[in-house]
Amino acid sequence: MLEKKNYQFWFCTGSQDLYGEECLAHVAEHSKIIVEALNRSGNLPYEVIWKPTMITNEVIRRTFNEANTDENCAGIITWMHTFSPAKSWILGLQELRKPLLHLHTQFNREIPYDTIDMDFMNENQSAHGDREYGHIFSRLGMERKVIAGYWEDADVQKEIGAWMCTAVGVIESSHVRVMRVADNMRNVAVTEGDKVEAQIKFGWEVDAYPVNEIVEAVNAVSQADIDTLVEEYYSKYDILLEGRDEKEFRQHVAVQAGIEIGFERFLEERNYQAIVTHFGDLGGLKQLPGLAIQRLMEKGYGFGAEGDWKTAAMVRVMKIMTQGVKDAKGTSFMEDYTYNLVPGKEGVLEAHMLEVCPTIADGRIAIKEQPLSMGEREDPARLVFTSKTGPAIATSLVDLGDRFRLIINDVDCKKTEKPMPKLPVATAFWTPQPNLKVGTEAWILAGGAHHTAFSYDLSAEQMGDWAANMGIEAVYIDKDTNIRQFKNEMNWNSIYYRK
Ligand code: MN
């Protein structure tokens, strides 16, 4: 389902015709060498395509409009080798609708002390040209990414690679379609929001379907297809019977297999990439989708529980952003559940009733069945596991009435001190930065939800850049967060982002 699309990024070098043919030949040659090196580096998740040097208004405008209509182009990387008068870029930039990276680099690493003359200076003046070029973005109030550094350095290349993932998230956001087979949970505020504004800002289509329409798709799944999938589950996962009847257990697992197949067919036929459910609105479903939703998330679908379409869309966007990440550790829907408040061991136990994505699992995954404390359905089968350790981010997109705010928290994932054998759900455990006290105070002051879109494979910077491209507010809770400053920042933002 989450098929990696082979996006490309165009490398556009700026210059002008003032310096003569020989200089322009060098500019083209140098930029081709840079493009080849970037593509060979192994640090970029997507291919870079060299484009002829941008020397006039006409070439710039035409190239950018070609980029707009090229479905494979996810963004433009620009670099001024020489001086390129920035008025030449105004019309093209005003028409550009793809993410743009301004790479501030230089072909030569070292000043050639013994041979440098004015010809060399005029040919290699990125320090000069990139300032002129950068100015026009600031003048136009245009969002762009600026990365400074030497093009051969791995850390610079990795920064470009991380930006590429963000750019793909920007491009793909407008292809996210969320299926709601349940409304938001009654009386809950934080999962609500303005769906029209979400489509304007993020491009998301959020549609409702009566739950029993998808139930028909589940009921239409053949027994043979269900049996095949149950076999796959039994070969792939451990089975934790825990005294339950083996036959009955398998029947319950088969219900989830039917839901997985039926849901996926229904979503695919109608071109949806994210789904919300609600334990209180299950229609003819025999169980709350648990294992089934976990498997769909693993395949790349976004998910939000209790009708939370904003988080479902964010999970989908973040899964798309990580599709180019090597050795990805996982991205999931998540919920803040309960705290450990023991000094020195503080953290939040993260889980959900059932629906945690197996991509974040550490080690073996098992199937377990247990009654839900809510609803009146069969005991649902679910995948249980604990999650990987290491740095990650938790994000929450909230609708403040006059604007969306994306809250981004750096968190450190850990193992719980002891196993929790009676807990029938997959879990993660993390300490928010800068610490549990300040992290949770800031989160609550920002209006962050209990549901999050969580990933080990994205940085706060990437999510903040994504938000900037969407034109929405982002606030960061990280090692530098200080409550007084944080409150001021949100107050200032309320003026800046006012409609
Ligand atoms: Mn929930």
Side-chain angles (χ1 to χ4, degrees), residues 178-193 206 208 211 256 259 263 274-283 285 287-298 301-319 330-339 347-360 368 370-377 379-385 387 392-399 406-407 409 411 420 423-430 432 440 443-444 446-455:
V178 184
M179 177 181 288
R180 302 166 71 225
V181 292
D183 198 357
N184 298 70
M185 187 172 162
R186 281 184 287 280
N187 282 316
V188 174
V190 79
T191 60
E192 279 286 4
V206 186
V211 63
Q256 293 287 337
I259 296 173
F263 272 34
I275 185 168
V276 302
T277 60
H278 178 0
F279 64 87
D281 191 4
L282 294 174
L285 290 174
Q287 297 174 15
L288 174 63
L291 194 161
I293 286 293
Q294 293 176 291
R295 297 258 311 178
L296 289 175
M297 259 195 282
E298 189 177 21
Y301 287 93
F303 173 75
E306 293 94 49
D308 186 349
W309 54 268
K310 295 198 304 300
T311 309
M314 283 309 298
V315 170
R316 170 63 185 167
V317 166
M318 287 166 68
K319 281 181 176 277
T331 300
S332 181
F333 170 74
M334 198 56 94
E335 180 169 278
D336 300 308
Y337 243 107
T338 198
Y339 289 127
V348 199
L349 187 64
E350 300 284 331
H352 201 260
M353 281 164 71
L354 305 172
E355 313 91 335
V356 180
C357 180
T359 55
I360 68 169
K368 206 164 173 161
Q370 194 150 317
L372 283 181
S373 50
M374 290 178 255
E376 306 159 321
R377 305 289 153 143
D379 301 351
R382 73 288 300 271
L383 298 172
V384 294
F385 50 85
S387 301
I393 53 162
T395 71
S396 172
L397 179 70
V398 294
D399 186 339
L406 184 68
I407 300 144
N409 193 183
V411 300
M420 298 167 286
L423 199 63
V425 288
T427 58
F429 180 77
W430 70 57
T440 53
W443 186 274
I444 286 169
H450 51 287
H451 286 168
T452 57
F454 162 83
S455 182

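Just follow the structure's listing: the first ligand is 1, and inside any ligand the first atom is 1.
- The Mn ion (ligand 1) lies closest to atom OE1 when only the N/O/S atoms of Glu306 are considered.
- Among Asp308, Thr191, Thr311, the one residue that satisfies the side chain to side chain donor-acceptor pair (under 3.5 Å) test with His451 is Asp308.
- When the N, O or S atoms of His451 are ranked by distance to the Mn ion (ligand 1), NE2 comes first.
- Rounding to 10°, one obtains 100° for the angle at the Mn ion (ligand 1) between NE2 (His352) and OE1 (Glu335).
- The minimum heavy-atom distance linking Ala312 with Val178 is given by the pair CB-CG1, 4.2 Å.
- Take Phe303 and apply the ring pair (Phe, Tyr, Trp, His ring centres under 6.0 Å) test, not counting sequence neighbours, and it matches Phe333.
- Side-chain contact of His278 with Glu306: a donor-acceptor pair under 3.5 Å is absent, judged by distance alone.
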